[in-house]
Every structure is written in C-alpha cells, then in structure tokens.
Amino acid sequence: MNDTADKPLNFIQQIVEDDCRAVKWGTWKASDASRPGSAQTAGSPRVHTRFPPEPNGYLHIGHAKSILLNFGLAQKFGGRFNLRFDDTNPAKEEQEYVDSIKADVAWLGANWHGPNGGGLFFASDYFDRMYDWAVELIRKGKAYVCELSADEVSKRRGTPTAPATSPFRDRPAEESLRLIQEMKEGTHPNGAMTVRAKIDLASPNFNLRDPVMYRILHEAHHNTGSKWCIYPMYDWAHGFEDSIEGITHSICTLEFENHRPLYDWFIDSVNEGRSADKKIHHPQQVEFAKGLLTYTILSKRNLLRMVQEGTVKGWDDPRMPTISGFRRRGYTPEAIRTFWEEIGVTKTESVIDLGRLENAIRTDLNRRAPRAMGVLRPLKVTIENWPEGKVDWLEAQNNPEDPAAGSRTVPFTGTLFVERDDFMENPPKRFFRLAPGREVRLRWAYFVKCERVVKDAATGEVTELRCTFDPATRGGDSPDGRKVKATLHWVSADLGVPAEVRLFDRLFKVEDPGARTGEFMDDLNPISLEVVRAMIEPSLAEAKVGDKVQFERLGYFCVDRDAKPGALVFNRTVTLKDAWSRVAREE
RNA sequence: UGCCUGGUGGUGUAAUGGUAGCACAGCAGAUUCUGACUCUGCUUGUCUAGGUUCGAGUCCUAGCCGGGCAGCCA
C-alpha cells in the first residue's frame with residue numbers, strides 16, 4: 001500500500017507518520033543503513049513491521065491486505081519488513097505451508113530480503129529465550145505450574161462477573177520451577193499440566209484470567225524437530241517475537257484488541273526489576289479490520305475442509321480465494337494491490353463487494369493483456385462465395401489500448417467458427433448479432449451475411465450457417481460507408497487450434513455463505529466450473545503457462561499449468577463486462 | 001450478562017469543529033471494428049435523542065444497533 005502523495009493517509013499510516021515525527025522508536029544506525037542495497041538511511045526514524053503467519057494453511061486474499069499494509073509501511077517510511085512464521089503449534093503446522101507462504105508473499109512483492117526487507121524469521125528460533133523468560137516470571141512469583149486438566153480449567157473459567165479459580169495458584173515458586181523443568185524434559189504426558197501467568201482471575205477481560213503460557217505437546221516440529229515437548233501459547237509468544245525483532249508497530253486484526261493488555265503485561269513483567277539497559281523492547285500494537293468478501297469464505301479452517309473433502313482440487317484451485325488460487329486463475333499482484341489500496345484500512349468491519357476485485361483485475365488486464373480470438377462454443381460457418389482453398393492472412397491489432405503491442409495476422413478461410421451465442425434464429429429487438437438475412441462484421445476481416453441456416457433434421461438444432469462475404473470489406477471497413485451493428489470474433493475452422501477452456505464461476509451462490517443454515521457447504525454453487533472445448537486462433541498455439549490474453553468480447557484468460565505442448569488449457573480469469581447479458585435477461 | 005470495539009448512500013471510503021466529497025455498483029446518454037475500454041449526466045448517506053458552539057459527521061451525555069472475547073488454536 002504505497003500510495004501516491006495526494007491520497008489521504010489511512011489511520012495506521014497516520015500513526016506511523018506521527019511516531020516518526022516524534023522519533024518515538026529511535027533512528028536507524030549507520031550500520032543498518034550500510035547494508036548493501038538498504039533503503040534505510042542513518043538517523044531517520046525507525047519503522048519496522050512484519051507479517052507473522054502461522055504455517056497451518058495457504059494464504060488467502062485477506063492475508064494479502066495485511067502483507068501489503070505491513071510491507072507498504074516499511075516502503076513508505078524507509079523502514080523494514082520481516083516475514084516471520086508464528087510456528088508455535090506443531091500439531092497443525094507443516095513445511096508445505098511454510099513453502100507456499102514464502103512463494104505467495106514473494107509473488108505479492110513483499111520482498112523480505114530487498115531494500116525494505118528485514119529478513120526471514122521463525123518464532124521457533126526464539127523458544128530458548130521464551131523459556132528463560134517463563135522461568136524468570138516464575139521466580140518473580142508471576143507464573144506457576146497448574147495441574148488442572150483442560151476440562152477443569154474450562155469449568156473453573158468463571159463468568160464475566162464470577163472469577164476463575166485454580167488450586168495451584170499459590171504453590172511455591174520452587175515447586176513450579178521443578179515442574180516446568182520436568183515438563184521441558186518430557187517427564188509428563190500431554191495435558192498433565194501447564195504453565196500459567198498469575199495475573200487476575202477476576203478480570204473482566206478473560207485473557208487476563210491466568211492465561212496458559214506453555215502446554216505439553218509431545219510432537220515433532222518442522223523447524224526444531226524433537227528438541228521441545230512443551231510449546232509456548234500464541235499469546236505468550238507473540239509479543240516477544242515482535243520484541244526480539246525490534247518491531248515498532250505490531251499490526252494485527254481487531255480480534256486481538258482484547259489481548260493487548262496481556263502482551264503489555266508479559267513484557268512489563270519481564271522488564272520489572274531490570275535496569276534500563278536490560279529491559280526488552282516494547283512494540284506498539286495497532287489493530288485494523290479484516291476485509292471480507294461477498295460470495296467468499298476466508299476462514300482457513302473452512303478452506304482446509306474444502307480441500308480435504310475434494311470440493312475443490314487443492315489450495316490453488318482457481319476458484320479458491322487463496323493467493324495461489326488467484327495467481328493460477330490469472331490475477332496479477334498489481335491488481336490485488338490496487339484492490340486493497342482502493343478499499344483502504346480502517347477499524348470498521350466490512351464486507352467488500354466481490355465485484356471490486358473483479359474490477360481491479362479487469363482494469364489491469366485491459367491495459368496489459370494482448371487480444372486474441374477464441375470461440376468457446378463453436379458454430380460452423382461456411383462462406384459460400386469464398387474461393388476454394390484460399391487462405392487470407394489478415395492483420396489484427398494486438399491491443400487497441402496499447403499501440404506499442406503491435407499486430408499479428410490471423411487466417412481467414414472458407415470454413416469458420418463463430419460463437420453460438422452470436423447467432424439467433426429469431427432475434428429479439430435489441431439483439432444486434434447474426435440472424436438470418438443479417439450482415440455483421442467479422443473482426444479484422446470481412447462483412448458477412450447469413451444466407452441460410454442448416455439444422456439437424458432430428459433435433460432441430462442449428463448446426464451450420466451458410467454465409468456470403470463482401471470482398472470489398474477486407475480489413476473490416478466498407479468502402480460504401482454502410483454500417484453493421486455488430487462485430488463478431490471468429491476462428492478459422494481449418495487453421496484454428498483446439499484448446500480446453502475452464503470457465504469458473506463463484507464458489508457460492510449467496511453473498512454470505514452459511515448465513516442461512518449455519519453450514520457454508522449448503523450454499524455451494526454446483527456449477528462453479530464448466531469445461532469447454534474451444535477453438536482459438538493459431539497465433540496462440542505456442543502460448544506458455546501463465547500467459548495472459550483477452551479473448552475478444554469474452555474475457556481475460558491465462559494458460560493453466562495443466563497445459564501440455566499441443567494440448568492448451570486456459571483458465572478464464574474474469575469475463576468482460578457484458579451489457580448484452582443484462583438486456584438479454586430483460587428480453 | 002461483564003469487558004473491548006465499531007456505526008457516513010446499495011458497497012468501500014474521505015472530510016483531523018467550517019460547502020458531506022471520491023470510487024465501485026445502478027440508471028440515462030455519447031462514442032466505438034470488442035454490447036469491452038473511454039466520456040458525460042443522474043439517483044442515493046452522517047444510527048437515535050438531547051447538549052456544547054456563530055457553526056457538529058467530528059466534541060459531551062444517554063440510548064439503539066453491529067462485531068469480538070470465556071481453546072492447553074492463532
């Protein structure tokens with residue numbers, strides 16, 4: 001979110017700017033600035049942000065907001081951005097997720113090793129230090145080992161007005177020190193005991209009712225292997241991760257507002273009794289609202305379920321709202337960035353119209369995607385007066401929005417395909433395309449006129465159009481000035497190439513999946529994917545995976561990674577806006 | 001029920017006590033070798049009630065409505 005100067009600052013940028021003005025977080029040292037390629041300058045105010053994902057799933061479009069916000073801040077204020085894995089729960093975390101997250105963050109352009117990069121980190125690398133702090137808190141009488149079962153803790157949680165209880169709260173520090181040591185050494189089974197902070201069992205903020213700091217988890221970790229069998233809880237760990245890395249602004253989402261007093265308490269408790277030079281850094285937390293999307297589900301748990309149950313074909317299924325899904329679908333990082341910039345950053349929970357995202361990718365691709373012609377549902381057209389065997393290579397502009405994109409040639413022959421939807425035997429008033437007796441233009445080619453319709457005798461289905469062309473209209477202009485009301489895309493039946501095209505629709509039928517029944521799967525769109533055999537112009541025969549193209553009048557498409565030489569596969573990224581479809585509904 | 005938090009057109013936002021503006025969507029039109037793009041115009045809003053003030057979306061009080069929290073998840 002690296003805005004232009006004239007755009008008003010969002011509230012977080014405002015906070016950071018104010019802090020910089022006040023030099024609240026100190027300045028970059030000469031050694032920081034001297035790092036090769038560094039965007040930090042010695043003496044300028046420090047801004048250090050981070051994106052701290054848990055590697056327990058793939059990143060989705062909502063995470064992109066946070067990544068772009070954090071990285072954008074580092075860029076805007078000449079600071080640094082860390083990518084840090086919050087890997088404190090080996091039961092749910094996997095290396096596959098670490099790898100995918102790195103790929104996605106990099107793709108979005110948040111370069112954690114670049115000029116504004118602070119580096120790549122793992123919370124699990126801090127486990128030793130965190131353990132030492134826990135021991136320190138026990139010594140200070142600020143934490144204890146509790147042998148209540150999870151069930152018991154839950155039962156004793158209390159109510160907003162009645163306090164929680166634990167019979168182990170006042171055990172001697174020596175006893176807790178012995179037990180935490182045993183926990184660490186693996187003496188006790190999962191769930192036997194926990195380390196708890198001794199804060200306030202009666203607090204109206206439940207996060208302060210002696211929260212668990214460590215639990216026993218005999219589980220291998222993707223980074224630390226079998227070194228640990230106790231793992232820190234998120235709340236205990238998170239503030240320290242930011243502290244250790246010197247994060248200035250710990251930006252997180254609204255649901256952590258209630259946790260802030262806890263993070264403050266942990267750091268203050270470590271610092272208590274320490275001399276000024278031994279105190280650990282205390283970052284400032286700032287909360288912002290997530291952005292939800294209509295027709296979309298973003299909870300990692302539910303996305304995982306769709307993957308596991310085979311509702312979609314993996315995390316990067318082009319219908320998924322994951323970063324990798326959007327990438328495969330043909331979205332660009334620029335479009336995603338523009339989208340979130342337009343949405344802004346606030347503390348108001350909002351549901352964003354999915355159309356906004358589609359609009360962003362259309363705008364981007366309109367500017368940069370070369371045009372081509374492809375017929376999704378081919379209808380055969382025979383040009384009756386075309387010279388037998390003749391091939392006419394016609395010049396076509398690659399992108400009317402960008403003259404520099406140049407031109408290509410497309411072959412016109414006696415047998416063509418046009419889109420089935422572009423012909424109607426009994427057209428309604430506002431239908432401008434082909435119909436019996438009507439003349440239209442074929443893009444970049446000729447005016448053609450429909451003379452006769454051939455139907456399947458048995459089904460009555462239109463199987464072929466017999467047309468004539470006007471040789472004087474070569475290139476698409478009529479010397480006598482006569483007009484046609486439509487220009488159609490087309491492909492030579494003889495020289496076109498077949499391709500599989502995957503047409504995606506939204507995954508859910510309703511704006512708020514699950515709102516009706518409580519089960520989001522009830523709102524699945526049964527036809528979110530349609531596969532067609534298309535015919536495309538030969539210039540596309542050598543298209544490479546990831547190539548993006550506008551099939552004129554249809555939409556933007558990209559070559560899927562399933563494509564093989566001679567067997568092209570295209571994904572439809574998004575359709576073009578289509579005024580006719582609205583008219584058609586009214587007709 | 002306790003604590004935290006938020007309410008500006010259909011949607012997302014701006015206005016930092018001084019003309020409620022922008023974008024998307026919608027509607028109408030122009031243009032067009034993509035019913036796209038582009039351009040023009042239009043419709044629609046400060047949760048409510050009091051108060052402070054020359055002046056309130058903004059400050060104060062009370063209420064209303066929404067979101068979050070009571071995992072050994074993050």
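Residue numbering restarts at 1 for every chain, and letters A, B, ... go by the order of the sequence lines.
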* Considering residues at least two apart in sequence or located in another chain, which fulfil the salt bridge (charged side-chain N to carboxylate O under 4.0 Å, His left out) criterion with A:Lys92? -> none
* **Results of salt bridge (charged side-chain N to carboxylate O under 4.0 Å, His left out) for A:Glu96 - residues two or more places apart only** => none
* To do: Let me have a per-nucleotide readout for nucleotides 68-74 of chain B, 5' to 3', with B, S or -, counting only protein heavy atoms under 4.0 Å.
  => BSB-BSB
* Asked: What residues form a side chain to side chain contact (heavy atoms under 4.5 Å, CB included) with A:Leu9, not counting sequence neighbours?
  -> A:Gln13, A:Gln14, A:Glu17, A:Lys76
* Asked: What string of B, S and - do you get for nucleotides 20-29 of chain B 5' to 3' if you count protein non-hydrogen atoms under 4.0 Å?
  -> ---BSS-S--
* Ionic contact status for A:Lys7 with A:Glu342, cut-off 4.0 Å -> no
* Hey, is A:Arg482 close enough to A:Glu439 for a salt bridge, meaning N to O under 4.0 Å? -> yes
Which atoms of nucleotides 39-41 of chain B (N or O only) lie under 3.5 Å from a protein N or O atom, and what are those distances?
none

* Partner residues of A:Glu334 under the salt bridge (charged side-chain N to carboxylate O under 4.0 Å, His left out) criterion, sequence neighbours left out -> A:Arg368
* **Contact list for RNA chain B against residues 394-404 of chain A - heavy-atom distance below 4.0 Å** => A:Pro400, A:Glu401
* Who pairs with A:Cys450 by side chain to side chain contact (heavy atoms under 4.5 Å, CB included), at least two apart in sequence or on another chain? -> A:Phe423, A:Leu434, A:Val453, A:Leu465, A:Cys467
* Contact class for A:Phe431 vs. all strands (heavy atom < 4.0 Å): base, sugar-phosphate, or nothing? -> base
* **Dot-bracket line, read 5' to 3' along RNA chain B, where crossing pairs take [ ] and | marks a partner on another strand, Watson-Crick or G-U under 3.5 Å** => .((((((..((((....[..)))).(((((.......)))))....(((((..]....))))))))))).....
* May I ask you to check if A:Arg171 and A:Phe168 form a cation-pi contact, with NZ or CZ under 6.0 angstrom from the six-membered ring centre and within 45° of the axis? => no
* To do: Would you indicate what A:Val583 reaches in the nucleic acid, counting non-hydrogen atoms under 4.0 angstrom: base, sugar-phosphate, or nothing?
  => nothing
* Asked: salt bridge (charged side-chain N to carboxylate O under 4.0 Å, His left out) with A:Glu241: which residues, sequence neighbours excluded?
  -> A:Arg84
Which pairs, protein N/O on one side and nucleotides 14-19 of chain B N/O on the other, fall under 3.5 Å?
residue, atom, partner, partner atom, Å
B:U16, O4, A:Gln14, OE1, 3.0

